[in-house]
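Below: the structure, in structure tokens.
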Amino acid sequence: MKLVKAKIYGFGKWVDQEFDFKSDYQVIFGSNEAGKTTLLNFIKSILFGFASGRGENKFLQYKPKNSSKYGGELEFLSDDQSHWLVKRIEGKGDGELSLFHDGQHVPDSLIKEIVGSFTKDDFENTHVFDDKNIFSIYGLDENQLETEIMSVGAVGSKEWLATADKFNQAAETIYKKRGQKQPLVAKLKERDDLLAEKAEFDNQQVAYKRVTEQLAKTQNDFDTNEKLLEPISKKENGLRNLDKKWVRYEQFQMASPVDEEVQISSEDWENFLTDNQELSTLAETSTTSRVATLNNVEKAILENYRQHQKRLDYIRNQKFELQNLQFHRDDMKAKLLKVDAQVDQLFKDNPQLSEDMQPLTSQELEDITPEPNTKNYNLPLIITIAAVILMFVTSNPLKMIFAVVAIACGVWYWYQGRNKKLESDGNFPFLQQKGYLNLTRENILNLQSTVIQLANFRTSQKSLVDGIDAIEVDLNKWRNILIELNVLDKSYKKDNYNEQIEKYFSNLDQIKARADLNEQNESATQKMTDNRNQRLQTINEEINQIVAKYQLPSVESFVQLHTRQVRNQSTLNQIKQDKAFLGDDLSNLQQYSNHDALINDLNQVVAQKTELTEKNNQLSRQMGSLKEQMQQIFDNKQYQKVVDQLAQNKTDIIEYYDDWLAKKLASQWIKEMLNIATENRYPKMIAQATQYFSLLTNKNYNRIDFKNNSIVVWSTNKNQFDVHELSQATTVQLYLSLRLAFVTEISDLIKLPILIDDAFVDFDITRTDNVLKLIKKIAQTNQVIYVTAQEPTDVAYDHILNLEGENK
């Protein structure tokens with residue numbers, strides 16, 4: 001799969017750019033910041049997804065700052081000359097992927113046709129070469145360098161080799177040949193010390209052995225005696241069980257049922273019992289079901305009702321009218337109390353108000369109200385003064401005229417002043433008549449609304465009092481009627497007549513019901529008596545038929561026969577229960593003629609058991625003594641302590657050994673499995689890597705080989721070198737040869753472009769030229785895209801893509 005075109009919508013500095021690539025190799029030239037590395041990261045991002053925005057990855061996203069577009073396209077040419085277009089733009093996760101094959105949109109899962117099963121990490125670890133992974137070779141020690149070079153053979157093998165090294169290191173923390181502090185080494189030394197200490201107890205082993213043999217013999221005697229004791233104990237338990245059942249056995253022997261010729265059937269007996277029970281019930285049951293009779297008072301109430309039924313029924317129907325009268329009376333009383341309280345408050349708020357004050361009429365109000373000062377009372381005085389003045393300044397006859405005018409106006413002025421004085425004195429007779437004596441006209445006028453309100457209250461009070469009095473008259477009439485009809489007693493002082501009416505009629509209804517029931521009872525009682533007598537006759541006939549069936553003279557004989565039958569059945573049941581209780585022991589009990597013979601056998605067995613038990617106790621004491629002697633042979637249990645320590649030491653050694661062996665085997669297994677996993681490709685890869693290594697080193701080395709799981713190289717003059725003996729530059733050349741050989745070897749599985757990002761800046765001119773020669777050689781089977789800041793020489797012009805002068 002060859003990359004032929006890249007179209008960038010927006011990625012880092014590149015916006016709306018297109019690049020065409022040669023299908024064998026492409027050298028991209030440009031100075032620093034020209035966008036070379038950005039272009040290679042674009043290729044990786046479109047193939048495997050954009051970097052996430054978390055941590056340091058956010059600096060690898062290359063989102064453009066001068067454009068809102070993010071992403072682009074890669075066009076590939078497959079071996080069958082079909083075209084694949086991979087398009088990725090900004091979206092959730094690693095971006096929104098679209099895949100096209102020969103212009104047709106296909107499922108995203110077909111991306112495997114291009115990248116195979118490779119992940120982004122796999123691609124970077126195999127097909128991407130940059131200064132980062134090249135320079136990392138320089139910082140490795142010899143073991144790490146060996147692991148790094150060996151891991152080139154298979155994807156992911158580096159991690160497995162690192163795991164193998166960890167297992168090997170973990171194993172060496174448990175045991176080393178020349179180790180001192182490792183736990184397995186310490187346990188082996190401890191075992192030697194414990195074995196030496198145990199040897200010191202050899203002289204005491206003889207005594208210990210003798211006591212052990214005695215203990216074994218005593219234990220054997222104890223076991224033999226225990227076997228004899230076991231059947232004796234079982235026999236004793238069996239005899240004691242027979243002894244416990246002997247009383248029941250004697251009871252079983254004495255039981256003797258009697259055979260009756262006549263057997264009363266269960267059905268006849270049940271019918272007899274049923275009839276007899278019903279007979280007893282009828283005999284005990286009274287034939288009358290009487291209701292309590294009425295007393296004299298109740299009879300009088302019932303008689304009174306029958307005499308005055310119409311009037312009493314009217315009272316029952318009109319009781320709600322009486323209740324309404326009481327309600328209206330109580331409501332008027334409540335309203336009267338409210339008006340009285342308002343009158344009291346009126347006198348409290350107006351101290352000048354008196355009870356005898358009456359409202360003034362409109363005319364009286366007009367009389368005491370001062371007239372507005374519309375007339376000019378000083379006008380006569382002014383005219384008089386003017387007339388006097390003119391009288392002195394004019395001649396007759398005008399002087400006489402002015403004199404008359406002055407006199408007339410003077411009289412007029414005096415009259416007006418007198419009337420005004422009389423009005424101010426307030427002498428109105430009606431004020432004294434209506435209770436306003438000694439009050440000013442202003443106070444009288446201010447009190448008029450209050451006096452009118454008081455008059456209205458007095459009117460309301462009179463109306464309410466009259467209504468209450470009228471209702472009381474009606475209630476008294478009701479009271480007299482209720483007393484007359486004996487509904488109410490004369491001594492009743494309250495006026496809650498409705499409640500008394502309810503009580504009276506409730507009591508009356510109960511009396512009437514009982515009277516009616518008594519009348520009905522008399523006819524029903526006679527009918528019940530007749531039925532009872534007829535049933536008694538029927539039952540007696542049924543009982544006599546049952547007794548006659550068994551040819552017995554009387555009922556008593558029938559009962560006695562059944563009693564004997566029940567007793568006999570009880571005896572049979574008891575025999576059955578005794579036999580079940582005795583069970584298998586019945587045959588054993590029958591072997592003894594009496595209880596004394598059983599007790600005699602039991603005593604003999606108890607004596608045998610006692611003898612054997614005593615012997616067992618004696619042997620047990622002997623074994624305890626021998627065990628104590630064994631413990632005393634070794635002071636403070638030192639010997640046993642050493643034995644226990646040796647046992648624990650052995651367990652610890654086995655555990656440490658198992659752990660050490662597991663880790664060692666795991667390390668070896670991983671390396672063996674990697675060798676097996678790559679054995680088909682390794683020979684070809686090593687052969688290819690040898691050619692590449694020879695080319696890069698100007699044929700100074702002509703062989704790469706494995707020896708004891710490590711890599712060695714051979715020079716032209718047949719000298720052998722380990723990896724760590726090579727110079728840094730030569731080591732890098734070996735690493736490149738192996739990696740490129742690996743990529744070439746797996747090209748049948750995955751054929752993606754090899755990306756080289758200025759990875760050889762430390763190489764001299766000769767090594768750099770050799771790298772370019774190697775690139776051309778590899779490009780015959782694998783596409784190579786090589787970016788560099790150094791202008792290439794000896795490269796065809798059409799294979800160079802010059803980024804100089806490109807803008808962001």
Side-chain angles (χ1 to χ4, degrees), residues 125 136-205 208 634-679 682 705-713 720-726 728 731 734-735 738:
N125 290 332
S136 66
I137 300 298
Y138 297 147
L140 302 178
D141 59 29
E142 58 183 58
N143 293 327
Q144 293 171 333
L145 179 60
E146 222 172 74
T147 299
E148 186 71 26
I149 292 176
M150 288 181 66
S151 67
V152 172
V155 176
S157 60
K158 183 190 296 185
E159 290 76 10
W160 282 107
L161 287 170
T163 303
D165 290 340
K166 289 181 181 179
F167 277 125
N168 191 57
Q169 293 172 6
E172 290 184 349
T173 61
I174 298 173
Y175 174 77
K176 275 186 178 181
K177 288 184 178 180
R178 298 183 181 86
Q180 296 293 329
K181 297 181 179 179
Q182 287 74 15
L184 182 54
V185 175
K187 288 296 178 182
L188 290 172
K189 184 178 181 303
E190 179 186 1
R191 182 169 183 80
D192 294 338
D193 295 339
L194 289 172
L195 289 173
E197 184 177 356
K198 182 176 180 295
E200 297 178 2
F201 293 94
D202 288 342
N203 294 331
Q204 301 180 28
Q205 287 295 322
Y208 183 80
F634 302 108
D635 188 25
N636 296 326
K637 302 181 181 179
Q638 286 299 316
Y639 179 76
Q640 189 62 39
K641 181 179 179 182
V642 172
V643 172
D644 294 341
Q645 289 177 342
L646 276 170
Q648 183 62 43
N649 176 266
K650 181 179 179 181
T651 302
D652 294 341
I653 289 174
I654 292 173
E655 289 180 358
Y656 283 124
Y657 175 76
D658 290 344
D659 194 12
W660 172 81
L661 184 61
K663 289 180 171 58
K664 274 290 186 183
L665 291 176
S667 177
Q668 294 176 6
W669 177 83
I670 290 173
K671 292 182 178 179
E672 289 295 331
M673 289 300 103
L674 288 176
N675 289 336
I676 294 172
T678 58
E679 64 181 357
Y682 239 69
D705 202 358
F706 282 91
K707 187 177 182 180
N708 296 327
N709 290 327
S710 62
I711 295 179
V712 295
V713 296
Q720 177 181 313
F721 297 93
D722 290 333
V723 173
H724 59 275
E725 294 178 321
L726 301 175
Q728 288 183 341
T731 303
L734 175 61
Y735 178 70
L738 289 169

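None of the values given here were measured: they were computed from a predicted structure.
Sorted by first and then second residue, the ring pair (Phe, Tyr, Trp, His ring centres under 6.0 Å) pairs involving residues 168-198 (not counting sequence neighbours) are Tyr175-Trp660.
The side-chain contact (heavy atoms from CB on, under 4.5 Å) check on Ile653 picks up Leu184, Lys187, Leu188, Arg191, Asn649, with sequence neighbours excluded. Taking Lys650 as the reference, nothing meets the salt bridge (charged side-chain N to carboxylate O under 4.0 Å, His left out) condition, with sequence neighbours excluded. Contacts of Gln648 classified as side chain to side chain donor-acceptor pair (under 3.5 Å), with partners at least two apart in sequence or in another chain: Asp652. By the side chain to side chain donor-acceptor pair (under 3.5 Å) test, Asp644 is found to be paired with Gln640, residues two or more places apart in sequence or in another chain being considered.
Listed here is the closest heavy atom pair of Ile174 and Tyr656: CG2-O, 3.6 Å.
The shortest side-chain heavy-atom distance between Val713 and Leu726 falls under the 4.5 Å cut-off.
No more than 12 heavy atoms of other residues, nucleotides or ligands sit less than 6.0 Å from atom OH of Tyr657.
Between Leu194 atom CG and Gln645 atom CD the span is 5.5 Å, to the nearest 0.5 Å.
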